[in-house]
Structure formats: structure tokens, C-alpha cells
Amino acid sequence: MGTALSNFYQGQRILDNEDFWLDSGAAEAYRDPGPVKAWAPRSCSLRSPVFSEVTSGAPPQADFLNYARATPNGWTGGDSTYSVRLPDGRNLWLFSDTFLGPLNANGTRPTSAPLVNSSFVLQDGSNLTTVTGANRTAIVPNNEAGHWYWLGDGMIAQRGGTKYLQVIFQEYYRFGEGLWDWGWHHSVLATFSLSNLNSPLSVVPLPSAAGVTWGSAIMPSSASGDGYTYIYGVDDAPTKKSMRVARVRGDDLNTRWEFLDPANNRWALDERRTSNTLTGVANEYSVTPWNGQFMLLTQDSNLAFNAQVFTYSSCDPAGGFYNQAEVYRMPETGLWGTYGDERVFAYNAHIHPELNSDGTHFTFSYNVNTFDNLVDEEGSHYKDPSIYKPRWVSFAVAPNPCPPRC
């Protein structure tokens with residue numbers, strides 16, 4: 001067992017006692033939360049968005065389809081679909097459950113296809129390369145039977161003049177034999193050397209005492225405009241999932257976190273002293289600068305398996321999201337969807353800012369899956385591998401010239 005994972009498992013035992021933090025200095029802050037900071041949301045000339053040029057099948061969708069058809073052992077399907085622009089200009093795509101190749105000559109997936117709980121795909125132009133752990137395993141390996149890690153968003157961190165990749169992972173565990181008999185355990189932060197993405201340098205526990213799943217989205221300090229990196233999470237539920245917000249000063253998530261308590265207009269050091277913001281977000285979403293304000297894009301969770309993708313506008317990256325506007329409806333879901341299969345559903349839309357640079361055009365991805373988990377030639381994942389692949393949608397957006405109430 002490597003040093004980083006050994007330290008991780010030790011941290012996990014501390015975490016189970018709800019007496020943890022990212023470093024020894026912040027541990028004291030957690031035990032004695034101390035004073036809170038006031039939160040005064042920023043002001044701006046808030047405008048609702050007007051959408052045009054909404055186009056499905058946007059890049060890099062074709063590149064991933066071509067790659068899946070041809071790769072002998074790389075990515076042939078996955079979900080989560082986060083992305084990070086690396087310092088050398090390449091895009092790194094982050095996936096949770098991932099099928100590896102090859103596909104059969106007729107395009108179906110063999111039932112022997114490996115399924116790993118996390119992977120990366122490096123994109124250099126139209127060339128894709130899959131990154132997994134040792135011997136085609138998950139990027140962060142399971143620490144015990146019945147437990148596994150799915151990933152959240154990632155970012156480029158800077159510490160002591162050196163840049164690293166940081167990715168938030170969540171540990172899940174199975175407690176029964178049923179399809180939904182699994183649950184969240186806690187969140188962790190994995191830090192990677194940019195020269196070796198196959199295995200993290202360190203894996204440390206993240207705040208998890210309030211039951212919030214962190215890593216739904218990350219906005220780095222370069223985008224927030226105030227020197228803070230914002231971390232978004234979910235207070236999870238079957239429907240009506242709610243947003244939570246945290247932040248750190250600078251560009252390293254392995255430091256003291258502050259948690260938004262919008263009900264009391266404050267930032268607290270103890271996540272258990274905080275409250276939800278917007279209700280109706282998905283488990284994965286995005287918050288992106290746009291037009292001097294911030295645009296939240298999310299699948300609506302007020303109804304189960306809702307196919308609607310909405311945006312909201314805010315002057316502040318932490319909250320005050322208004323002006324709900326529908327930008328897209330994911331067409332694959334349900335019996336009347338493009339697959340004509342009531343078991344198929346779409347989920348977890350979020351924007352990839354690095355795919356567009358002019359501030360008026362954006363691209364988001366969403367995932368498609370099925371409740372059919374049969375490992376058989378007639379099983380949906382094996383008979384039709386197109387089901388378990390992300391889709392990308394591009395759109396143009398302009399501010400409504402009319403203020404919200406005119």
C-alpha cells in the first residue's frame with residue numbers, strides 16, 4: 001500500500017469519528033468554529049439570458065464516438081463528464097463509471113468489457129488517450145469490498161509555485177442487493193502530479209459531517225473575481241435537491257474551507273452551521289461567469305428524471321440565483337424519448353468553459369444511462385453502447401435588454 005493511500009485510510013478512520021480536517025491547523029478551527037464572516041451578495045445589472053443557436057452533437061462528441069469505435073482498450077462509455085484545461089493546453093476529461101474497450105466488430109459491447117469506477121481521458125485536438133489506475137483499475141482504488149469512489153469536479157491547483165490537478169471524489173458503499181441499495185459515505189480530495197495522472201500523490205478527507213456531497217462544481221479563483229475558489233455541493237434527495245456552497249482563498253482546495261449560510265448572511269467554518277441555497281439543482285451542475293454575472297446551468301430536479309435543463313442568473317457566485325430559463329430538453333429520456341425505452345434517462349448537465357472563449361457561446365454535456373443493469377448480450381449496455389455515452393450541446397446566449405421586471 002502506498003504512503004498516500006495509507007494516510008488516506010488513516011484519515012478515513014478519523015473521519016468516521018467526525019473529528020477531521022484537511023491539516024492540523026484547520027483541525028483546531030473545526031473543533032472551535034470561532035467567528036463567522038458576513039456575506040453581502042454582490043450587486044450588478046442582472047439580466048436574464050436569451051438563447052439561440054442551440055445545437056446538439058457539438059464537439060467533442062464525434063471525437064469520443066470515433067475513439068470508442070476504434071480503441072483496443074480505452075474509454076468506450078462513461079458518465080460524470082467533468083473537464084479541466086491543463087497548463088499545456090490539453091483538455092482532461094474526468095469520468096466516473098467507465099467501460100473500457102474494445103467493442104465488438106458489429107458495434108456491440110462484449111459482456112467481458114471491464115467497468116472501472118473512474119477514469120481520465122486526455123484530449124489533444126481530436127486525439128484521445130485513456131488514463132486509468134494500474135492494471136486498468138479505477139483512478140482512486142476501492143479501499144474495501146463493497147465500497148467505491150465516483151468523482152466530482154476538478155481544477156488546477158497551485159501550491160508553492162507548483163501546479164497540480166485536484167479532483168474531488170466521493171466514497172459510496174453498498175448495503176443491500178437491490179438496484180438502489182447503496183449510499184454516500186464521505187468526500188475526499190485527490191491531488192495528482194501533472195506528470196503522472198494514473199495515481200494520486202495524496203488523498204485526504206473533505207468536510208462530510210453535514211451529509212453534503214461536495215464536488216458538484218468548482219469555480220476557480222481566476223473565474224470568481226474575488227480571489228476565492230468556490231466549491232459547490234448537493235444536499236441530496238430523490239427530488240428537490242438543494243445547492244450548498246463553500247469556498248477557499250486562492251487555488252488550493254487542501255486548505256481551510258468556509259461554508260455559506262445564506263439564511264443568516266454569513267460564512268462559517270463549520271459546515272454544520274450552514275444552510276441550503278437554491279432547491280432544484282442536480283447532483284452535478286455548473287456555475288460560470290457570463291456578462292458580468294454568473295450563470296448556473298443544471299438539470300431540474302424538482303421532478304424525478306426531469307429532462308429540462310435550466311439556467312439561472314446571479315450577481316454573486318455564492319447565491320441569489322434568479323431568472324430561471326429553459327435552454328434545452330434532453331430528448332433521450334423515457335418511453336417517448338429517442339430510444340423508445342422507459343428505462344433510459346438523462347442527467348447531470350454542466351457547462352465546460354474551456355470549450356468556448358468569447359463569452360457568448362457555451363457548451364455543456366449531459367449523461368445518458370439505463371436502469372437495465374443486466375450483464376448479458378441482450379442487456380442495454382451491451383446491445384447498444386450508445387446509451388452510456390455523454391452528449392454535448394452548444395448554444396449562444398445574450399442578455400435580455402429588458403430588466404427582469406419590465
Side-chain angles (χ1 to χ4, degrees), residues 51 54-65 68 75-83 93-99 109 115 119 121 150-153 179-180 213 215-217 232 234 236-241 243 279-286 288 295-312 324-352 355 362-374 379-395:
F51 304 112
V54 180
T55 305
S56 60
Q61 186 162 311
D63 293 330
F64 273 87
L65 290 174
W75 180 101
T76 65
D79 70 352
S80 285
T81 322
Y82 287 103
S83 61
W93 295 92
L94 319 177
F95 294 95
S96 289
D97 280 349
T98 304
F99 278 110
R109 175 177 287 120
L115 177 67
S119 73
V121 175
W150 285 331
L151 54 75
D153 205 355
L179 182 63
W180 297 102
T213 305
S216 299
Y232 301 89
V234 166
D236 206 358
T239 60
K240 301 183 183 297
K241 305 170 191 287
M243 175 191 286
T279 295
V281 297
N283 290 89
E284 300 176 6
Y285 51 88
S286 58
T288 307
M295 178 169 57
L296 163 67
L297 184 139
T298 181
Q299 175 190 16
D300 179 50
S301 71
N302 287 299
L303 296 173
F305 307 110
N306 196 337
Q308 293 173 289
V309 177
F310 287 116
T311 66
Y312 297 79
Q324 184 192 64
E326 183 178 335
V327 61
Y328 191 71
R329 292 200 181 200
M330 301 176 287
E332 295 83 3
T333 297
L335 184 60
W336 307 113
T338 54
Y339 284 93
D341 187 338
E342 62 185 3
R343 299 168 298 180
V344 172
F345 60 97
Y347 56 108
N348 287 345
H350 43 76
I351 282 176
H352 303 279
L355 295 183
F362 295 90
T363 298
F364 68 89
S365 67
Y366 64 92
N367 303 306
V368 178
N369 208 336
T370 173
F371 292 116
D372 177 15
N373 62 350
L374 181 66
S380 298
H381 284 124
Y382 302 91
K383 186 177 182 179
D384 187 355
S386 72
I387 291 175
Y388 197 55
K389 288 184 173 66
R391 276 65 167 169
W392 282 267
V393 178
S394 63
F395 65 96

message: Any heavy-atom pair between the side chains of Phe364 and Thr311 that's under 4.5 Å?
response: no
query: Taking all non-hydrogen atoms of both residues, which atom of Ser96 and which atom of Ser80 are closest, and how far apart?
result: OG-OG, 2.7 Å
- prompt: For Val368, does its backbone N or O pair with a side-chain atom of Lys389 as donor and acceptor, under 3.5 Å?
  reply: no
query: CD1 of Ile387 to OH of Tyr382: how many Å apart, nearest 0.5 Å?
result: 12.0 Å
Check against side-chain contact (heavy atoms from CB on, under 4.5 Å), Tyr232 and Asp153: CA-CA 9 Å; Tyr232 301 89; Asp153 205 355; over 6 Å; no
query: Does the side chain of Tyr388 reach to within under 4.5 Å of the side chain of Thr370, using non-hydrogen atoms?
result: no
- prompt: Which heavy atom of Ser380 sits nearest a heavy atom of Arg343, and at what distance?
  reply: OG-NH2, 3.6 Å
message: If I compare all heavy atoms of Pro390 with all of Gly78, which pair ends up nearest, and what's the gap?
response: CD-O, 3.7 Å
message: Is any side-chain heavy atom of Phe362 closer than 4.5 Å to one of Leu297?
response: no
- request: Could you check whether the rings of Phe99 and His381 sit parallel, tilted or perpendicular, using 30° and 60° as the cut-offs?
  value: tilted
- prompt: Should Arg391 and Met330 count as side-chain neighbours, where that means a heavy-atom distance under 4.5 Å?
  reply: no
message: Measuring from atom CG of Asp300 to atom CZ of Phe310, what distance do you get when rounded to the nearest 0.5 angstrom?
response: 5.0 Å
field: Side-chain touch Asp372/Asp341, heavy atoms, less than 4.5 angstrom
entry: no
task: Answer whether the closest heavy-atom distance between the side chains of Pro60 and Trp93 falls below 4.5 Å.
output: yes
Check against side-chain contact (heavy atoms from CB on, under 4.5 Å), Val281 and Leu296: CA-CA 9 Å; Val281 297; Leu296 163 67; 4.2 Å; yes
- prompt: What are the two closest heavy atoms between Glu332 and Tyr339, and how far apart are they?
  reply: CG-CE1, 3.9 Å
message: For Trp75 and Phe95, take the angle between the two ring planes, folded into 0 to 90°, and tell me which bin it lands in: parallel under 30, tilted 30 to 60, perpendicular over 60.
response: tilted
message: On a heavy-atom basis, which atom in Asn283 and which in Ser216 lie closest, and how many Å separate them?
response: O-OG, 2.7 Å
- request: Could you tell me whether the side chain of Gln61 and the main chain of Trp392 form a donor-acceptor pair under 3.5 Å?
  value: yes
message: What verdict does the side chain to side chain donor-acceptor pair (under 3.5 Å) test give for Asn367 and Asn348, after you've listed the backbone C-alpha separation in whole Å, the side-chain angles of each residue and the deciding distance to 0.1 Å?
response: CA-CA 6 Å; Asn367 303 306; Asn348 287 345; over 6 Å; no
query: For the residue pair Tyr328 and Tyr366, does the interplanar ring angle fall in the parallel (under 30°), tilted (30 to 60°) or perpendicular (over 60°) class?
result: tilted
field: No-hydrogen, no-angle side-chain donor-acceptor test under 3.5 Å, Thr81 and Ser365
entry: no
query: Which pair of non-hydrogen atoms, one from Ser301 and one from Lys241, has the smallest distance, and what is that distance?
result: OG-N, 3.1 Å
field: Interatomic distance, Asn302 atom CG to Thr239 atom OG1 [nearest 0.5 angstrom]
entry: 7.5 Å
query: Got a second to check how far Lys240's NZ is from Leu303's CG, nearest 0.5 Å?
result: 7.0 Å
query: Do Tyr312 and Thr298 get their side chains close enough for a donor-acceptor pair, meaning under 3.5 Å?
result: no
query: Is it true that the side chains of Tyr347 and Asp79 contain a donor and an acceptor less than 3.5 Å apart?
result: yes
